[in-house]
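Note that this is a predicted model, so its numbers are computed, not measured. Within every chain, numbering begins at 1; the chains are lettered A, B, ... in the order of the sequence lines, protein sequences first and strands thereafter.
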Protein chains: 2
Amino acid sequence: MTPALERRSLIEELAGKGIRMTAQRRAVIEVIQEAKEHLDAEALLERAREWHPHIDRATVYRTIDLLKKLRLIDELDLMHLEGEKHFYEVKTTREHVHLACFRCGRIQEFSSSLFEQLKSEISEQAGFTIRVTRLEVGGACRECAAHDPATLSP
Amino acid sequence: MTPALERRSLIEELAGKGIRMTAQRRAVIEVIQEAKEHLDAEALLERAREWHPHIDRATVYRTIDLLKKLRLIDELDLMHLEGEKHFYEVKTTREHVHLACFRCGRIQEFSSSLFEQLKSEISEQAGFTIRVTRLEVGGACRECAAHDPATLSP
DNA sequence: TTAAATGCAAATCGTTTGCATCTGT
DNA sequence: ACAGATGCAAACGATTTGCATTTAA
């Protein structure tokens with residue numbers, strides 16, 4: 001998701017760290033990188049199978065773990081709009097907020113310098129060294145709020 | 001968690017909405033309200049049993065659901081520091097960020113007007129009607145960063 | 001050559017459900 | 001009286017694990 005601003009592709013990044021590259025990993029990585037929406041582990045598995053038909057679910061999870069530990073991808077909950085699964089996206093230089101519409105399910109991304117300022121404030125005032133941030137907002141998108149004012153109630 | 005700023009107790013809030021009050025619900029609600037740390041469903045169950053020994057796990061989950069739907073409590077992930085469970089806290093008027101230390105596990109709360117400004121900006125610029133927000137930050141707290149500089153590395 | 005990665009199947013964790021029974025209003 | 005709440009046990013979805021086998025470097 002989000003136009004990739006990374007200098008190196010994930011594959012290169014891993015090679016640079018001397019991490020072993022297998023066909024299965026390559027498949028998962030390609031899929032995450034090319035994805036135009038946020039994918040969960042199941043979707044990642046299905047799409048990776050188009051490249052490497054016998055890849056197993058466990059391998060997908062292990063690859064996700066690897067990329068998470070190396071901090072090359074971010075894990076999202078997207079307000080648990082559909083169960084407890086997680087979604088993944090390549091880490092970009094500019095962090096963004098995810099806005100999840102409870103009515104239509106759409107996910108919008110929003111970035112703002114206020115978010116960057118808030119992070120600096122947290123580091124400075126709380127003396128906290130930030131490694132990951134996750135800001136998710138749930139509510140009604142413009143269209144849904146207009147169509148269905150009930151979405152706004154209580 | 002967080003000094004309660006609510007005008008009415010949760011019990012009163014429910015009574016006001018004509019919601020049936022049972023001993024089990026009262027127990028869970030008292031526990032959430034008095035808690036000094038963030039509790040998950042298991043912890044809620046254990047403590048509620050001190051008041052109502054035979055309360056069942058399912059009832060705890062159903063009560064959590066009820067309070068969530070009425071938007072009287074917030075659900076937190078706390079960066080999944082310990083598995084995938086959720087934590088709960090009474091909704092307060094002032095929203096805050098949760099800072100989760102990956103090394104010592106401590107959770108700090110942080111509130112800032114920048115957060116409020118960011119939320120207004122989201123409503124205005126994206127036309128998004130905010131119902132819930134969840135901002136969680138993972139990293140190293142001041143003490144851990146000082147003790148163990150490795151915590152800060154890649 | 002050999003440490004690391006994979007597939008498979010079974011296990012785990014947190015949570016949800018169906019249903020018969022009980023209880024608040 | 002009866003809609004709604006409970007306890008129990010079984011089911012669930014997402015993820016993780018152990019272990020024998022294969023593979024990248």
Side-chain angles (χ1 to χ4, degrees), chain A residues 10-32 38-49 51-70 73 75-88, chain B residues 10-32 38-49 51-70 73 75-88:
Chain A
L10 293 185
I11 305 267
E12 290 169 329
E13 204 80 46
L14 294 183
K17 293 184 197 294
I19 287 167
R20 199 176 286 192
M21 187 52 51
T22 64
Q24 291 90 326
R25 273 185 188 167
R26 210 185 322 273
V28 174
I29 291 172
E30 296 287 2
V31 170
I32 295 191
H38 297 100
L39 302 178
D40 62 5
E42 177 70 30
L44 236 35
L45 174 64
E46 282 166 21
R47 298 214 187 166
R49 280 193 170 148
W51 291 101
H52 191 93
H54 290 311
I55 186 173
D56 190 80
R57 202 173 223 92
T59 301
V60 171
Y61 279 108
R62 288 191 273 235
T63 304
I64 289 171
D65 257 20
L66 176 72
L67 298 172
K68 259 199 308 192
K69 290 212 178 86
L70 294 171
I73 58 172
E75 185 176 67
L76 314 172
D77 288 340
L78 301 184
M79 296 310 283
H80 302 124
L81 239 48
E82 343 162 25
E84 291 302 310
K85 55 193 168 195
H86 296 130
F87 296 85
Y88 301 92
Chain B
L10 293 186
I11 304 268
E12 290 169 328
E13 205 78 47
L14 294 183
K17 293 184 196 294
I19 288 168
R20 201 176 284 192
M21 187 52 52
T22 63
Q24 292 89 322
R25 276 185 184 166
R26 211 185 321 274
V28 174
I29 291 172
E30 296 287 3
V31 169
I32 294 192
H38 298 101
L39 303 178
D40 61 8
E42 176 69 31
L44 236 35
L45 174 65
E46 282 166 22
R47 299 214 187 166
R49 280 193 169 147
W51 291 100
H52 191 93
H54 291 310
I55 186 174
D56 190 80
R57 203 173 223 89
T59 301
V60 171
Y61 280 107
R62 288 192 272 235
T63 304
I64 289 171
D65 258 20
L66 175 72
L67 299 172
K68 260 200 306 194
K69 290 212 179 87
L70 295 171
I73 58 173
E75 185 176 67
L76 315 171
D77 288 340
L78 302 183
M79 294 311 282
H80 303 123
L81 241 49
E82 343 163 23
E84 292 301 311
K85 55 193 169 194
H86 296 131
F87 296 85
Y88 301 91

| said: Before you tell me yes or no, could you show the steps for B:Asp77 and B:His86 under side chain to side chain contact (heavy atoms under 4.5 Å, CB included), namely the whole-Å CA-CA distance, both residues' side-chain angles and the distance that decides it to 0.1 Å? | reply: CA-CA 5 Å; B:Asp77 288 340; B:His86 296 131; 2.9 Å; yes
| Sidechain-backbone polar pair: B:Arg26 side chain, B:Trp51 backbone, donor-acceptor under 3.5 Å | no
| remark: By nearest-heavy-atom nucleotide on DNA chain D, the more 5' of A:Gly83 and A:Ala58 is A:Gly83
| Residue whose closest nucleotide on DNA chain C lies nearer the 5' end, A:Arg20 versus B:Thr22 | A:Arg20
| Nearest to the side chain of A:Ala41 - C:dT15, D:dT15, D:dG7? | D:dT15
| task | Measure distances between side-chain N and O atoms of B:Arg62 and base N and O atoms of D:dG4, and say whether any donor-acceptor pair falls under 3.5 Å. | result | no
| query | In whole angstroms, how far is the C1' atom of D:dT15 from the CD1 atom of A:Ile64? | reply | 10 Å
| query | Below 4.0 angstrom from OP1 or OP2 of D:dG7, is there any side-chain N or O of B:Arg57? | reply | no
| query | Atom OH of A:Tyr88 and atom CD1 of A:Ile73: how far apart are they, to the nearest 0.5 Å? | reply | 6.5 Å
| query | D:dA14 P sits how many Å from A:Tyr88 OH, rounded? | reply | 12 Å
| request: Would you tell me if any nitrogen or oxygen in the side chain of B:His86 comes within less than 4.0 Å of OP1 or OP2 on C:dT15? | output: yes
| query | Roughly how many Å is it from CD in B:Glu84 to P in C:dT15, rounded to a whole number? | reply | 9 Å
| field | Whole-Å gap separating P (D:dC8) and CG (B:Asp56) | value | 6 Å
| task | Whole angstrom is fine here: how far is it from CD1 in A:Ile19 over to C1' in C:dA4? | result | 12 Å
| Whole angstrom value for the distance that separates C1' of D:dA9 from NE2 of B:His54 | 17 Å
| said: OP1 or OP2 of D:dG7 versus the side-chain N and O atoms of B:Gln24: is any pair under 4.0 Å? | reply: yes
| said: I need the NZ-C1' distance between B:Lys85 and D:dT15, as an integer number of Å. | reply: 16 Å
| remark: Per atom distances to the B:His52 side chain, the nearest of D:dG7, C:dA9, D:dA14 is D:dG7
| message | Please confirm whether the shortest side-chain N or O distance from A:Tyr61 to OP1 or OP2 of D:dT16 is below 4.0 Å. | response | no
| SB check B:Lys85 B:Glu42 (cutoff 4.0 Å) | no
| remark: Between the CG atom in A:Asp56 and the OH atom in A:Tyr61, the distance rounded to the nearest 0.5 Å is 11.0 Å
| d(NZ, A:Lys69; C1', C:dA5) in whole Å | 14 Å
